Trainee: 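Below you will find the structure I want to go over with you.
By convention in this document, chain letters (A, B, ...) are assigned in the order of the sequence lines, proteins followed by strands, and residues within each chain are numbered from 1. If you're wondering where the values come from, they're calculated on a predicted model, not measured in any experiment.
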Amino acid sequence: MSSSVPCTIYRLLSTEYDLTSSEDEFLHFENPYQILIATILSAQTTDRTVNLVTKDLFARYPDPVSLSTARQQDVEKIIHRTGFYRAKSRNIIAAAQVLVNLYGGEVPDEINKLIELPGVGRKTANIVVHHAFDRADGIAVDTHVGRLSGRLGLSDESNPDRIEQDLLKLFPKKIWGDINGLFILHGRKVCRARKPSCSCCVLSSLCRYAALNTLQ
DNA sequence: AACTCGGGGCA
DNA sequence: TGCCCAGAGTT
C-alpha cells in the first residue's frame with residue numbers, strides 16, 4: 001500500500017465529519033472525575049442516555065470522596081437507565097475509592113494507571129485520556145474501528161490490541177484521537193457491519209471491500 | 001473464546 | 001420487533 005493512503009483517508013473523513021460537534025456531549029463535564037465516571041457509564045450505551053443521569057449523579061456525588069462512601073443501592077437508583085447498572089455502580093464506587101486511596105482524589109492521566117481502575121479497560125482508558133487530558137496515547141479499537149481497519153486493508157489482525165499497534169504505526173500520533181472518532185462515526189453511519197453504503201462512501205475508491213461489494 | 005450483564009433509542 | 005450502543009469481568 002502507498003504510504004500516502006492513511007493521509008488520504010484522514011483527509012477524506014475529516015471533510016465528511018465534524019468531530020467538534022459530535023464531542024459536544026462531553027464538553028459540558030467540568031473535570032476529569034466527571035469525565036471518568038461518565039465514560040465508565042457509557043459502555044454499551046449512548047452518550048445521550050448517560051447524560052440523562054449525570055446531572056443527578058454529580059449533584060449527589062460531586063467528587064471522588066463523596067462517591068467513594070456512597071451506598072451501591074443509592075447509586076443504582078440514579079444510573080439505572082444506563083444499563084448494566086449493578087456492575088457499573090459497584091465499579092464507579094470502587095474506582096472512586098482507588099482515586100482517594102492511591103491518587104489523592106485525582107484522576108491519573110496514564111493509560112496503565114487508568115486501566116487498573118475497576119470498570120476501566122483499554123477502550124475506556126483511551127477515551128478518558130483523550131477527553132479529560134486532550135491527548136491521545138492510543139486508539140480505542142471497538143467493533144467499528146476493527147471493521148474499518150480490516151475492510152480498508154490497514155490491518156490483517158483480529159486481536160484488537162494488534163490492530164491498535166498497526167494503526168499507531170500508520171497514523172501520526174497527533175491525529176490518533178481524531179482517527180478514533182472519525183472511524184467510529186464512519187463505521188456507524190456508512191461502513192456498517194450489515195449493509196454498508198459503499199456507494200455513498202468517500203473512501204470507496206481506495207477500499208478493497210467496496211470494490212468487492214459493488215460488483216454485481 | 002464464550003458468556004453475562006441491561007436499559008434505552010431507533011427504523 | 002430486531003438491532004445497536006467509543007465494554008469489562010469472569011469462566
Trainee: Does any N or O in the side chain of A/Gln72 come within less than 3.5 Å of the main-chain N or O of A/Ser89, such that one atom is a donor and the other an acceptor?
Mentor: no

Trainee: If you group Ile, Leu, Val, Met, Phe, Trp and Tyr by side-chain heavy-atom gaps below 4.5 Å, do A/Leu41 and A/Ile35 land in one group?
Mentor: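 Yes, because A/Leu41 and A/Ile35 connect within a single hydrophobic cluster, where side-chain heavy atoms sit under 4.5 Å apart.
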
Trainee: Is the ring centre of A/Phe84 under 5.5 Å from the base ring centre of B/dG7, and are the two planes under 30° apart, so that they stack?
Mentor: no

Trainee: When the nearest nucleotide of DNA chain C is assigned to A/Pro118 and to A/Thr46 on a heavy-atom basis, which residue is associated with the more 5' position?
Mentor: A/Thr46

Trainee: Would you tell me if any nitrogen or oxygen in the side chain of A/Arg192 comes within less than 4.0 Å of OP1 or OP2 on C/dC4?
Mentor: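 No, outside the criterion.
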
Trainee: Which of residues 85-98 of chain A have a heavy atom under 4.0 Å from DNA chain B?
Mentor: A/Tyr85, A/Arg86, A/Ala87

Trainee: In terms of relative ring orientation, are A/Tyr85 and A/His80 parallel, tilted or perpendicular, with 30° and 60° separating the classes?
Mentor: tilted

Trainee: Are OP1 or OP2 of C/dC4 and a side-chain N or O of A/His144 less than 4.0 angstrom apart?
Mentor: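 So the side-chain polar atoms of A/His144 never come under 4.0 Å of the phosphate oxygens OP1 or OP2 of C/dC4.
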
Trainee: With no hydrogens and no angle check, is any side-chain donor or acceptor of A/Arg81 less than 3.5 Å from a backbone partner on A/Leu52?
Mentor: no

Trainee: Whole angstroms only, please: what is the CD-C1' distance between A/Glu76 and B/dG6?
Mentor: 12 Å

Trainee: Whole angstroms only, please: what is the NE2-C1' distance between A/His80 and B/dG6?
Mentor: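 Rounding to the nearest Å, NE2 of A/His80 and C1' of B/dG6 are 8 Å apart.
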
Trainee: Check the distance between C/dG7's P and A/Asp161's CG and give it to me in whole angstrom.
Mentor: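 About 15 Å, once rounded to whole Å.
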
Trainee: Have A/Arg192 and A/Ser197 got a donor and an acceptor in their side chains that come within less than 3.5 Å?
Mentor: yes

Trainee: Whole-Å distance between C/dA8 C1' and A/Asp142 CG?
Mentor: 14 Å

Trainee: Just how far, in rounded Å, is C1' of C/dG2 from NZ of A/Lys195?
Mentor: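 In whole Å, C/dG2 C1' lies 13 Å from A/Lys195 NZ.
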
Trainee: Could you tell me whether the side chain of A/Ser204 and the main chain of A/Cys200 form a donor-acceptor pair under 3.5 Å?
Mentor: no

Trainee: Using a side-chain heavy atom cutoff under 4.5 Å and only I, L, V, M, F, W and Y, what cluster partners does A/Val65 have?
Mentor: A/Val100

Trainee: Starting at CD1 of A/Ile79 and ending at P of B/dG7, how long is that distance when rounded to a whole Å?
Mentor: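 After rounding, the reported distance stands at 12 Å.
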
Trainee: Please determine, for the side chain of A/Arg48, which listed nucleotide (B/dC10, B/dG8, C/dG7) has the closest atom?
Mentor: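 The closest nucleotide is B/dC10.
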
Trainee: With a 4.0 Å cutoff (strictly under), does any side-chain N or O of A/Arg81 reach OP1 or OP2 of B/dG7?
Mentor: no

Trainee: Within the 4.0 Å heavy-atom criterion, would you say A/Asn180 contacts the bases, only the backbone, or no part of the nucleic acid?
Mentor: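 A/Asn180: base contact, heavy atoms under 4.0 Å.
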
Trainee: Closer than 4.0 Å, any side-chain N/O of A/Thr45 to the OP1 or OP2 of B/dG7?
Mentor: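 Negative; the distance criterion is not met.
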
Trainee: Does A/Gln44 make a side-chain N or O approach to OP1 or OP2 of C/dG7 shorter than 4.0 Å?
Mentor: yes

Trainee: Roughly how far apart, to the nearest Å, are C/dG9 and B/dG8 at atom C1'?
Mentor: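 Looking at atom C1' only, C/dG9 and B/dG8 are 23 Å apart.
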
